[in-house]
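See below for the structure under consideration.
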Protein chains: 2
Amino acid sequence: MASPSTRRNIVAAADTLFYQKGFEHTSFADIAEAVAISRGNFYYHFKTKDAILDAVIDLRLSNTQAMLDQWEKEGEEPKDRILCFINILIANQANILLYGCPVGTLTTELTKLNHHSKERANEVFTLFRNWLRKQFSLLGLHKKSDALAMHVLARSQGVATLASAFHDEKFIRQEVRLMRDWLSSYTEGSI
Amino acid sequence: MASPSTRRNIVAAADTLFYQKGFEHTSFADIAEAVAISRGNFYYHFKTKDAILDAVIDLRLSNTQAMLDQWEKEGEEPKDRILCFINILIANQANILLYGCPVGTLTTELTKLNHHSKERANEVFTLFRNWLRKQFSLLGLHKKSDALAMHVLARSQGVATLASAFHDEKFIRQEVRLMRDWLSSYTEGSI
DNA sequence: GTCTATATTAAGATAGAC
DNA sequence: GTCTATCTTAATATAGAC
């Protein structure tokens, strides 16, 4: 591990390629080419494809947690924080139109592959779910907080899937507006 | 084509396997084994994997159209017909929990593979979309009919994705209830 | 730590007998 | 129309020199 930068470069390239091409369709050669190293060197850092996948999932987990912590600071009120989540559909619009949601598409693929890392990949969903649940609880919606968190997650997943299928940017904006209206119906008068 | 049944068996087996294991992860050997024929015989019926994919998409298109025609007959009112669509989340619950939505997961996979049949696979979505739009138009919601059709499609996609990720049957029932309530808010007094 | 071979395996695809 | 046998390619993975 004298050169952590090569390893980090591999994981970053794999992260992007798994998102754009899918896990199975991405070959070692693809990743090696993206990082501009030989396949031989590649195997010095990762023995198996599953090991890279685990490293990519670790990266996504820590990036997601960092983002949630950031939103926690940025948003004064729980409603503002939930809006941060809804707004990623707009912020990541360009990629979503091309490749869908990175979380949903990976867990879906790993499910079909019957891959043992599916549960770990799912933990990214769980981070969002628990964080959203916390915000809804802070709004006083304790009993419904988990159902509301799942509802928001599902809505954004559906938007990402259809926006990608039809390559429809206007649809994203339209649905984000509906989600904001929906959220307001739960927060009116509470701010 | 002296034995159409073998061909039909191949397409039916491929349809199921593409759904359960994904298109790329399904090998000719998998399909041949499911149909109990040799790989050599297999190639008599289909020259390439893409040809099987196209046949599977044809099958899904015609099955979907038949289902929509059936719903058109079954449902007296447009609202009842839209409820037929929402109810497939319940009817196909067992498979959705394991493999997600067959339409969404295939188009998502083909998008990542940059496969030329992606647009054709997407036509299944378009069948649902146009059919739902028609029902909303019949409800007098002409101007919003396409947005409402896309909204319903997105909601069901999101439910399928998360239900499969968390293997949560209760979540499906919960969201179907919300979708029914949502639909009622558009049809109150119109029946 | 990085490279150039090379081994191994699996899957798509074909040829030719019956 | 179905079979067995074989070809080809691509991808995972390893060995060993520098």
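By convention in this document, chain letters (A, B, ...) are assigned in the order of the sequence lines, proteins followed by strands, and residues within each chain are numbered from 1.
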Do nucleotides 11-18 of chain D as a string where each nucleotide becomes B, S or -: B if the base has a protein heavy atom under 4.0 Å, S if just the sugar-phosphate does, - if no protein is that close. SBBB----

With sequence neighbours excluded, residues passing salt bridge (Lys or Arg N to Asp or Glu O under 4.0 Å) with B:Asp58: B:Arg120

Taking salt bridge (Lys or Arg N to Asp or Glu O under 4.0 Å) as the definition, give me every residue that meets it alongside B:Lys144, ordered by chain and number, with sequence neighbours left out. none

Given atom OH of B:Tyr44 and atom P of C:dA13, what is their separation to the nearest angstrom? 19 Å

Grab the CZ-P distance between B:Phe42 and D:dT6 for me, whole Å please. 22 Å

Applying ring-ring contact (aromatic ring centres under 6.0 Å, His included) as the test, list every pair that has at least one member in residues 142-181 of chain A; sequence neighbours left out. A:His151-A:Trp182

Residues at least two apart in sequence or cross-chain that pass ring-ring contact (aromatic ring centres under 6.0 Å, His included) with B:Phe28, listed by chain then number, are B:Phe42, B:Tyr43

Mind checking ring-ring contact (aromatic ring centres under 6.0 Å, His included) for A:Phe136 and listing every partner two or more places apart, or none if nothing turns up? none

